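Beneath this line is the structure, given in structure tokens, with notes to follow.
Owing to the predicted nature of the structure, the values given are computational and were not obtained by experimental measurement.
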Amino acid sequence: MPLNEINILDLIPQRAPFILIDAITHYDPVVTKTVFTIPEDHIFCTADGWMEEAGMIENIAQTCAVRMGYEEKTEKKRSGEIKIGFIGMIKTMEIIRNPLIGERLDTTIMIVESFFNTTLVETKIEVAGETIATCEMKIYLTDIKSHANEA
């Protein structure tokens, strides 16, 4: 299935108002990329016109969720069911600047290691080619089924 035809809600357990992904733009065995244009009324935005750090962390986590959901939906030996994961660790987080309302986040995760239900990724968020945040994140995938399976 072409990436531009995928409904992002079919791949992630999150629902409004906590969506921080517009589309998956790249997937291969190591790297996944997503985009998100920050709307003015988003729950993680301030009255001063910028996104809070928690929104950036959640954007990275949702990029991981998109990857896991895409694999579940496309790999032949998988169940196709979207499961809930959670952040197990954030290491070496560097926020260079907070993004502004209306800016597009280009988020990249690169798999460093994957073992059973645990995945370690290196991440980067860019705005117009400028790196604004990086970190290492460990994600744990549970056996709990998401409501995305009902969509």
Taking [X] for its side chain and [Y] for its backbone only, find out whether a donor-acceptor pair lies under 3.5 Å.
X	Y	result
T25	K33	yes
T134	T123	no
N98	M51	yes
T46	D48	yes
Q62	N59	no
H42	I19	yes

Charged N to carboxylate O under 4.0 angstrom, E136 versus K138?
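No.
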Would you call R67 and E72 a salt bridge, taking side-chain N to carboxylate O under 4.0 Å as the test?
no
Give me the one residue out of K124, M56, E126, E94 that meets side-chain contact (heavy atoms from CB on, under 4.5 Å) with I132.
M56
Same apolar cluster (I L V M F W Y, side chains within < 4.5 Å links), [X]/[Y]:
X	Y	result
V127	I95	yes
L120	I125	no
V35	I38	no

Would you compute the distance between atom OH of Y27 and atom CG of L3 and round it to the nearest 0.5 angstrom?
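Nearest 0.5 Å value for the OH-CG distance: 10.0 Å.
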Considering only heavy atoms from C-beta outward, does the side chain of T119 approach that of M68 to under 4.5 Å?
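The answer is yes; the side chains approach within 4.5 Å.
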Does any pair with a residue in residues 85-112 pass ring-ring contact (aromatic ring centres under 6.0 Å, His included), and if so which ones, sequence neighbours excluded?
F86-Y140
Identify the two heavy atoms, one from I21 and one from V66, that lie closest to each other, and give their separation to 0.1 Å.
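Smallest heavy-atom distance, with atoms named: CG2-CG2, 4.1 Å.
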